[in-house]
Amino acid sequence: MEMNTKAEKFKVPELPVCGFEAVKALARKHPEKIRRLFFTQEKARFFGNVCKMLAAERRIYRTVEQESELEKLSGSIHHQGVVAMIEAPAVPLLDFDTLDQWVAEKEKVILCDRVSNSQNFGAIIRSAAFFGIHKIVISAEKEQCGITTSAYRIAQGGMESVDIYRVSNAAWFLAKTEGRMTRLAAHHRGRAHTTDLKQLCSIREGIVVVFGNEENGISREAEKQCDYLVKIPGTRAVESLNVAQAAAVFLYCLREYFPLRQDETAGSGGQDQDNSDDSFPDLRETFRRHRSF
């Protein structure tokens, strides 16, 4: 009994990663994270290289006889024929040195303010990776979703392309970036539109985009800290988009006006250009901190 207790004490918590694209990206970019790997015969041919590495490290990998094994390992019927077990990721606390570096490097940062649904969180990460945004900050509040099996799968490999940090709450992070980064909130009742982003932002400083809780939106405290509340224009048939849909549209618009730097995407040959337009000198002040709807 004592030996079992000691074994449990030193047992490393694991997270199942499932979904073909998610595991394939994990095996390609971070194979060292994989502790155990299980797959169907059909998917075996895609993981030959990582299996060689696992064999050299004396780690477990094998073909399963029945897909029910994968369901049991992942806790999901959506495993798509492969499950990798990794050490449960710990989301690091954002420190001031890292934040200072983001400011200096004019990073684009996504701030999730209590996004609670794991599928929405995973979809936001997928969009972030697709549009070349690599820094994600999440609140440490209980409503906020963390890194889960479902989020990993929905991100479709995007989890390997982003760095995720946590802060006590969104308002704290926004207060620390005041005057240092342009702080935008995706808000269905904002006065500014996504078509105004070119005038609201500048390539000369970093950008923070806040996405709020599915039911309650961005907290009032965080909202007060934002420079601009920006909405996606649409019809009045429905009030707003789902947060994951809104993130995809918003990040696309941001990418259109502020193309990726050469160090942000492979194969990008463009130089940094200031896309701000000085012919709209009053537009920023028109929308800045304007919260009457």
Side-chain angles (χ1 to χ4, degrees), residues 12-55 57 59-64 66-92 110 112 115-138 144-166 211 214 242-245 247-248 251-252 264-266:
V12 177
E14 290 183 318
L15 177 76
V17 176
C18 65
F20 180 66
E21 291 298 333
V23 179
K24 188 169 70 171
L26 176 66
R28 184 176 69 253
K29 295 185 178 181
H30 297 291
E32 73 285 354
K33 291 183 179 180
I34 299 176
R35 298 168 58 84
R36 297 182 290 150
L37 182 64
F38 306 91
F39 40 77
T40 61
Q41 185 64 49
E42 180 187 7
K43 293 295 192 295
R45 62 191 177 94
F46 297 104
F47 298 98
N49 289 335
V50 72
C51 286
K52 291 178 182 177
M53 186 217 75
L54 292 173
E57 296 288 332
R59 299 182 186 180
I60 296 172
Y61 68 92
R62 66 177 175 85
T63 303
V64 299
Q66 297 182 346
E67 291 195 6
S68 58
E69 292 185 61
L70 299 180
E71 291 180 21
K72 185 176 180 180
L73 283 164
S74 64
S76 172
I77 62 173
H78 304 295
H79 50 73
Q80 297 178 331
V82 60
V83 177
M85 304 300 292
I86 65 173
E87 183 175 342
V91 179
I110 291 175
C112 291
V115 175
S116 61
N117 183 282
S118 61
Q119 295 194 28
N120 285 336
F121 184 51
I124 290 171
I125 290 172
R126 180 179 183 177
S127 294
F130 185 83
F131 292 114
I133 296 178
H134 307 296
K135 308 303 180 187
I136 312 287
V137 176
I138 62 176
Q144 174 63 48
C145 175
I147 300 176
T148 65
T149 298
S150 177
Y152 235 111
R153 176 176 58 83
I154 297 298
Q156 291 284 294
M159 199 71 77
E160 310 310 321
S161 297
V162 300
D163 299 317
I164 304 176
Y165 294 84
R166 61 185 170 90
F211 298 106
E214 290 86 346
N242 166 276
V243 65
Q245 297 170 325
L251 298 183
Y252 168 77
E264 289 178 317
T265 180

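From Glu71, atom CD reaches atom CD of Gln66 across 10.0 Å, with rounding to the nearest 0.5 Å. Separation of atoms NE2 (His79) and NZ (Lys72) is listed at 14.0 Å; rounding is to 0.5 Å. We find the CD1-SG distance between Ile124 and Cys145 to be 9.5 Å, quoted to the nearest 0.5 Å. Rounding to the nearest 0.5 angstrom, the gap separating the CG atom in Leu54 from the CG atom in Asn49 is 11.0 Å. We find the OG-CG distance between Ser68 and Leu73 to be 10.0 Å, quoted to the nearest 0.5 Å. Atom-to-atom distance recorded for Gln41:CD and Thr63:OG1 is 5.0 Å, nearest 0.5 angstrom.
Shortest non-hydrogen contact noted between Gly19 and Gln80 is CA-OE1, 3.2 Å. Across all non-hydrogen atoms, the minimal contact from Val91 to Arg166 is O-NE, 2.8 Å. Shortest non-hydrogen contact noted between Val82 and Leu70 is N-CD1, 3.8 Å. Scanning all heavy atoms of the two residues, the minimum distance from Ala244 to Ala123 falls at CB-CB, 3.6 Å. Across every non-hydrogen atom of Ala84 and Val23, the tightest pair is CB-CG1, 4.0 Å.
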Pairs under 3.5 angstrom only: tabulate donor-acceptor contacts from the side chains of residues 30-37 to other protein residues two or more places apart or in another chain.
from  : atom 1 : to    : atom 2 : distance (Å)
His30 : ND1    : Glu32 : OE2    : 3.3
Arg35 : NE     : Glu14 : OE2    : 3.1
Arg36 : NH2    : Glu14 : OE1    : 2.6

Taking distance alone, no hydrogens or angles, what donor-acceptor pairs closer than 3.5 Å link side-chain atoms of residues 146-155 to residues at least two apart or in another chain?
from   : atom 1 : to     : atom 2 : distance (Å)
Thr148 : OG1    : Ala151 : N      : 3.1
Thr149 : OG1    : Pro16  : O      : 2.7
Ser150 : OG     : Ser118 : OG     : 3.2
Tyr152 : OH     : Glu160 : OE2    : 2.9

Inset, instruction - Determine, step by step, whether Gln144 and Val115 satisfy the side-chain contact (heavy atoms from CB on, under 4.5 Å) criterion, reporting the C-alpha distance in whole Å, the side-chain angles of both residues, the deciding distance to 0.1 Å, and the verdict. - result: CA-CA 5 Å; Gln144 174 63 48; Val115 175; 4.0 Å; yes
Inset, instruction - Check the pair Phe131 / Ile110 against side-chain contact (heavy atoms from CB on, under 4.5 Å), numbers first and verdict last. - result: CA-CA 12 Å; Phe131 292 114; Ile110 291 175; over 6 Å; no
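Among residues two or more places apart in sequence or in another chain, the salt bridge (charged side-chain N to carboxylate O under 4.0 Å, His left out) test is passed with Arg62 by Glu69. Partners of Tyr252 according to the ring pair (Phe, Tyr, Trp, His ring centres under 6.0 Å) rule, which considers only residues two or more places apart in sequence or in another chain, do not exist here. Legend: residues meeting ring pair (Phe, Tyr, Trp, His ring centres under 6.0 Å) with Tyr61, ordered by chain and number and at least two apart, are absent.
Remark: the Glu214 side chain and the Ser116 side chain contain an N/O donor-acceptor pair separated by less than 3.5 Å.
In this structure the side chain of Val64 never reaches within 4.5 angstrom of the side chain of Val83, judged on heavy atoms. The shortest distance between side-chain heavy atoms of Cys112 and Ile138 falls below 4.5 Å. Contact annotation: the side chain of Phe121 approaches that of Ile164 to within less than 4.5 Å [non-hydrogen atoms, C-beta and beyond]. Side-chain atoms of Glu87 and Leu15, non-hydrogen and from C-beta on, never get closer than 4.5 Å to each other.
Note: Phe20 and Phe46 have perpendicular aromatic rings, judged against thresholds of 30 and 60 degrees for the angle between ring planes.
The list of salt bridge (Lys or Arg N to Asp or Glu O under 4.0 Å) pairs with a residue in residues 42-52, not counting sequence neighbours, is empty.
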